Undergrad: 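One structure, as structure tokens, below. Some questions next.
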Amino acid sequence: MKIIGIQMDRCTGCKTCELFCAAERGSEGKTLAAAVKEKPLPQARIRVEGSGTTAFPLQCRQCASAPCIDACLAGALVRDGESSIVLVKEERCIGCWTCTAFCPYGVIYPSWERKVALKCDRCLYMERPVCVEVCPTKALNLVDTEGIEGLSRGKRKDILKGLIKSEDGLLL
């Protein structure tokens with residue numbers, strides 16, 4: 001399965017991903033120009049918290065054992081059999097927001113006007129998610145979950161290398 005990976009040191013908090021996500025996923029016209037004229041305004045499925053060096057884009061992490069699916073009273077949250085992406089079946093959603101309470105990352109958002117839950121579906125119908133395509137600093141990228149373990153292992157090794165040796169060769 002592929003998820004959206006984040007390189008936090010590259011995120012500037014510009015919110016370009018939010019704007020284009022709202023236009024692509026919530027707008028009738030699918031453009032920024034059309035989206036700003038719509039009522040209600042389209043909502044993004046990704047949010048950027050903070051700014052500058054502390055900015056962080058938040059979106060669904062597509063949990064392996066997604067508590068939001070189990071919490072959904074209407075059965076509106078389902079896992080796509082082919083991609084393993086957690087999807088909202090909007091026609092089933094009753095707007096109870098139980099899923100928002102159970103999401104460990106706080107990335108399911110209520111659409112008060114439409115009375116449905118909104119969450120990132122990784123732009124499943126597109127080749128690449130719009131947020132990844134438009135990020136000006138390339139802070140967002142599409143990552144295969146199998147590759148994440150290798151990346152984590154590499155980072156742990158780098159950290160350990162810095163901790164293992166001091167001037168006298170002892171652990172710090």
Side-chain angles (χ1 to χ4, degrees), residues 1-8 11 15-32 34-36 38-50 55-135 138-153:
M1 177 173 59
K2 293 188 179 209
I3 63 169
I4 299 170
I6 304 161
Q7 292 186 24
M8 291 178 18
C11 183
K15 298 187 181 246
T16 301
C17 56
E18 273 188 37
L19 291 169
F20 279 86
C21 176
E24 179 63 39
R25 300 298 293 125
S27 167
E28 300 272 330
K30 306 283 187 212
T31 66
L32 287 176
V36 296
E38 291 180 22
K39 297 288 185 227
L41 284 173
Q43 288 181 267
R45 272 80 168 158
I46 186 170
R47 299 274 166 85
V48 177
E49 298 292 330
F56 186 82
L58 299 168
Q59 78 284 334
C60 181
R61 304 310 300 154
Q62 310 300 337
C63 301
S65 60
C68 60
I69 293 175
D70 296 332
C72 183
L73 301 174
L77 285 164
V78 297
R79 187 173 304 279
D80 180 65
E82 191 175 317
S83 67
S84 296
I85 299 294
V86 177
L87 304 171
V88 177
K89 298 288 185 182
E90 290 187 15
E91 67 278 2
R92 293 185 197 166
C93 185
I94 59 174
C96 68
W97 319 131
T98 305
C99 56
T100 64
F102 280 83
C103 175
Y105 297 99
V107 293
I108 301 176
Y109 312 109
S111 173
W112 300 107
E113 295 84 9
R114 294 177 42 219
K115 306 262 187 294
V116 294
L118 301 175
K119 62 170 288 310
C120 175
D121 61 7
R122 215 200 71 220
C123 295
L124 192 56
Y125 63 94
M126 298 172 69
E127 191 172 320
R128 289 173 47 91
V130 70
C131 59
V132 172
E133 287 295 315
V134 301
C135 182
K138 304 295 181 215
L140 299 171
N141 47 56
L142 208 51
V143 179
D144 201 333
T145 53
E146 287 84 40
I148 290 175
E149 182 53 38
L151 239 145
S152 296
R153 214 174 313 145

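For reference, positions follow the sequence shown, starting with 1. These figures come from a predicted structure and were not determined experimentally.
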Undergrad: Please report the shortest heavy-atom distance between Pro129 and Cys123, naming the atom on each side.
TA: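 Heavy atoms only, the tightest pair is CA-CB, 3.7 Å.
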Undergrad: Quick one: closest heavy-atom pair of Gln59 and Cys120, and the distance?
TA: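 Nearest pair, atom of Gln59 first, then Cys120: CB-CB, 3.9 Å.
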Undergrad: For the residue pair Ser27 and Ala23, what are the closest heavy atoms and their distance?
TA: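 Here Ser27 and Ala23 meet closest at CB-O, 2.9 Å.
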Undergrad: Taking side-chain contact (heavy atoms from CB on, under 4.5 Å) as the definition, give me every residue that meets it alongside Leu58, ordered by chain and number, with sequence neighbours left out.
TA: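 Counting only residues at least two positions away or on another chain, Leu58 forms a side-chain contact (heavy atoms from CB on, under 4.5 Å) with Glu49, Phe56, Val107, Tyr109.
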Undergrad: Do any pairs count as a salt bridge (Lys or Arg N to Asp or Glu O under 4.0 Å) and have a residue in residues 115-125, sequence neighbours left out, and if so which ones?
TA: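 Listed once each, the pairs are Arg25-Asp121.
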Undergrad: Assess whether atom CD of Glu28 is packed by more than 12 heavy atoms of other residues, nucleotides or ligands within 6.0 Å.
TA: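 No, the 6.0 Å shell around CD holds no more than 12 heavy atoms from other groups.
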Undergrad: Strictly distance-based, threshold 3.5 Å: is any side-chain N or O of Lys89 a donor or acceptor partner for the main-chain N or O of Gly75?
TA: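 No; zero donor-acceptor contacts below 3.5 Å.
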Undergrad: Within the 4.5 Å heavy-atom criterion, are Pro57 and Cys11 side-chain neighbours or not?
TA: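 Yes. Closest side-chain heavy atoms under 4.5 Å.
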Undergrad: List the residues meeting side-chain hydrogen bond (donor to acceptor under 3.5 Å, both in side chains) with Thr98, not counting sequence neighbours, and say none if there are none.
TA: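 Thr98 satisfies side-chain hydrogen bond (donor to acceptor under 3.5 Å, both in side chains) with no residue once adjacent residues are dropped.
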Undergrad: If you count the non-hydrogen atoms of other residues, nucleotides and ligands that lie under 6.0 Å from CE in Met126, is the total more than 12?
TA: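 Counting neighbours around CE of Met126, more than 12 heavy atoms of other residues, nucleotides or ligands fall under 6.0 Å, so yes.
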Undergrad: Could you walk me through whether Val86 and Cys63 pass side-chain contact (heavy atoms from CB on, under 4.5 Å), step by step?
TA: CA-CA 8 Å; Val86 177; Cys63 301; over 6 Å; no
Undergrad: Do the side chains of Ile4 and Val143 get nearer than 4.5 Å, heavy atoms only?
TA: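 SC-SC contact between Val143 and Ile4 ruled out.
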Undergrad: Taking only residues two or more places apart in sequence or in another chain, which ones pass side-chain hydrogen bond (donor to acceptor under 3.5 Å, both in side chains) with Asp70?
TA: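 Asp70: no side-chain hydrogen bond (donor to acceptor under 3.5 Å, both in side chains) contacts found.
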Undergrad: Quick check: closest heavy atoms across Cys93 and Ala117, and the distance to 0.1 Å?
TA: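 Answer, listing the atom of Cys93 first, then Ala117: SG-N, 3.3 Å.
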Undergrad: Run the side-chain contact (heavy atoms from CB on, under 4.5 Å) check on Val78 and Ile69 step by step: do they pass?
TA: CA-CA 6 Å; Val78 297; Ile69 293 175; over 6 Å; no
Undergrad: Decide if atom NZ of Lys30 counts as having more than 12 heavy atoms of other residues, nucleotides or ligands within a radius under 6.0 Å.
TA: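 For Lys30, atom NZ is crowded (more than 12 foreign heavy atoms under 6.0 Å).
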Undergrad: Taking atom CD of Glu113 as the centre, does the number of heavy atoms from other residues, nucleotides or ligands within less than 6.0 Å exceed 12?
TA: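 Buried by this count: over 12 neighbours within 6.0 Å.
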Undergrad: Grab the two heavy atoms, one from Val132 and one from Leu140, that are nearest each other, plus how far apart they are.
TA: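 Distance-wise, the nearest heavy atoms are CG1-O, 3.8 Å.
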Undergrad: List the residues meeting side-chain contact (heavy atoms from CB on, under 4.5 Å) with Pro110, not counting sequence neighbours, and say none if there are none.
TA: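 Residues passing side-chain contact (heavy atoms from CB on, under 4.5 Å) with Pro110: Trp97, Thr100, Trp112.
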Undergrad: Please give me the minimum heavy-atom distance between Pro104 and Pro67, naming the atom from each residue.
TA: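 Smallest interatomic distance, heavy atoms only, reads CD-CG, 3.7 Å.
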Undergrad: Sequence neighbours left out, what passes salt bridge (Lys or Arg N to Asp or Glu O under 4.0 Å) with Arg79? Give chain and number order.
TA: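 Counting only residues at least two positions away or on another chain, Arg79 forms no salt bridge (Lys or Arg N to Asp or Glu O under 4.0 Å).
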